[in-house]
2 protein chains.
Amino acid sequence: MRRDSRLSRMLHVLIHMDRHYKRATSETISKMLGTNAVVVRRTMAGLRDFGYVRSEQGHGGGWELARGLDQITLLDIYEAIGKPPLFAIGPSVDQPECLVEQAVDAKLGDALKEAEALLLERFRTVTIADIAADFDRRMPEGQCNIHGNIHAEQSASS
Amino acid sequence: MRRDSRLSRMLHVLIHMDRHYKRATSETISKMLGTNAVVVRRTMAGLRDFGYVRSEQGHGGGWELARGLDQITLLDIYEAIGKPPLFAIGPSVDQPECLVEQAVDAKLGDALKEAEALLLERFRTVTIADIAADFDRRMPEGQCNIHGNIHAEQSASS
DNA sequence: AAGACACGTAACCTATCTTGTTACAGATCG
DNA sequence: CGATCTGTAACAAGATAGGTTACGTGTCTT
């Protein structure tokens, strides 16, 4: 494993749900993300618990958005997936006895806290709708040809 | 594995080398860090390649500082240990075909780049001597009683 | 009521990366 | 020559995201 990509993946799928699907199954979403339906359910469970999506069991079930993308920030999703660690570096022990080590970790921790505050502030002020708007500027037709095959499957089966 | 602690560890040991050792063996340093001599040599090799420390082989050998702590920044050490990844989150693939995914990763990447720039700027402007000064403010006597046993061993054997 | 469909979840494996450990070769000093 | 150290290679351990299989449960269609 390299880096935690759950935030990126969830943003990706939420935009597609808003644009192309009224309701999508875990299987459909998993093909879109290039992964497995169980992984999708596992990750989306957090979003459901926070009320950003709904899931329905049984025949004709699947996932759907529970609110508009302009009502969901990146911070919301980050929290919904369980606030995974942001940084890959840090101290070697949590509470070092050595005072030199404490001074090192304090200084390092200050810098990390500043960077984290900046990052979370960006997450807080950007909605998923903002990202969708960025996409529209790149591709004004509002089409994503990459997942077209999946769209076709979905249209054919419904 | 949890988080990369090499930066923290190297800062820690460099301050001790400046304060308590003219020359320290990997074994001595490893006890200080609570790790293994091979791990020490492995990590310090980068610092040696960048000219921040010197190593001498053979009897009476070991490690010593090659310049003053006010001449070494946190960024220097970060680079000397190989610029490990700073963030634990990121996109799922490097070059996604889907334009929605590209828009997501671009927005996320902007926030991460901002945070990274801030973090590296802090690293660039803080010297290890600054951290040592912080330590002096915490413990004016200039003593670190935690590694006292190691200091004693070192004094006894030299 | 039966069966297909889809989520919910546990259990286990895989990949990746830092760290830990063992083993050994080479250099240096007494 | 022998003790002491660094320099490395090789491999195991630990942690975590992600992938996979299996099975239970709810729900709609026929």
Side-chain angles (χ1 to χ4, degrees), chain A residues 1-10 13 21-31 33-49 53-64 78 81-94 153-154 157-158, chain B residues 1-10 13 21-31 33-49 53-64 78 81-94 153-154 157-158:
Chain A
M1 163 214 36
R2 256 180 57 214
R3 290 189 290 187
D4 188 334
S5 62
R6 283 175 291 182
L7 177 57
S8 167
R9 278 180 156 178
M10 288 301 98
V13 71
Y21 307 99
K22 54 211 163 301
R23 186 170 288 182
T25 67
S26 303
E27 187 64 31
T28 302
I29 294 171
S30 73
K31 284 175 185 162
L33 296 180
T35 179
N36 186 287
V38 176
V39 175
V40 171
R41 285 196 279 267
R42 186 190 293 159
T43 311
M44 302 259 303
L47 277 63
R48 180 193 56 222
D49 294 344
V53 296
R54 278 186 295 267
S55 65
E56 298 288 343
Q57 294 190 128
H59 193 117
W63 301 86
E64 61 183 9
Y78 171 68
I81 60 176
K83 295 187 191 179
L86 292 173
F87 294 104
I89 66 174
S92 63
V93 292
D94 280 334
E153 289 170 16
Q154 180 75 2
S157 63
S158 59
Chain B
M1 164 214 37
R2 256 180 53 216
R3 290 189 289 187
D4 188 334
S5 62
R6 283 176 289 182
L7 177 56
S8 168
R9 278 179 158 176
M10 288 301 99
V13 70
Y21 306 99
K22 55 211 163 301
R23 186 170 286 185
T25 67
S26 303
E27 188 64 30
T28 301
I29 294 170
S30 73
K31 285 175 186 164
L33 297 180
T35 179
N36 187 289
V38 176
V39 175
V40 170
R41 285 196 280 269
R42 186 190 294 159
T43 312
M44 303 259 305
L47 277 64
R48 179 194 57 223
D49 295 343
V53 297
R54 278 185 294 266
S55 63
E56 298 289 343
Q57 294 188 130
H59 193 119
W63 300 86
E64 61 184 10
Y78 171 68
I81 60 176
K83 295 186 192 180
L86 293 173
F87 295 104
I89 66 174
S92 64
V93 294
D94 279 335
E153 288 168 17
Q154 181 74 1
S157 63
S158 62

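Labels below follow one simple rule: chain letters A, B, ... track the order of the sequence lines, proteins then strands, and each chain is numbered from 1.
With hydrogens and angles left out, the side chain of B:R42 and the base of C:dT21 share a donor-acceptor pair within 3.5 Å.
Checking C:dG8, C:dT21, D:dG18 against every side-chain atom of A:R6, the shortest atom distance belongs to D:dG18. In the set C:dC5, D:dT6, C:dG20, the nucleotide with an atom closest to the side chain of B:T25 is D:dT6. You'll find that the side chain of A:H59 is closest to C:dA4, out of D:dA3, C:dT21, C:dA4.
With rounding to whole Å, A:W63 atom CH2 is found 7 Å from C:dC7 atom P. Atom-to-atom, CG of B:L33 to C1' of C:dT18 comes out at 15 Å; the value is rounded to the nearest Å. Summarising the geometry, the separation between CD1 on A:I81 and P on D:dA17 is reported as 10 Å, rounded to the nearest angstrom.
OP1 or OP2 of C:dA6 has not a single side-chain nitrogen or oxygen of A:S26 nearer than 4.0 Å. Note on B:R9: a side-chain N or O is less than 4.0 Å away from OP1 or OP2 of C:dG20. Between A:R41 and C:dC7 there is a side-chain N or O to OP1 or OP2 distance below 4.0 Å.
Nearer the 5' end of DNA chain D, as judged by each residue's closest nucleotide, is the contact made by B:G58, out of A:A37 and B:G58. DNA chain C is contacted by both A:E27 and B:G60; A:E27 maps to the nucleotide lying nearer its 5′ end (nearest heavy atom per residue).
With A:Y78 contributing its side chain and A:P84 its backbone, the two residues share a donor-acceptor pair below 3.5 Å.
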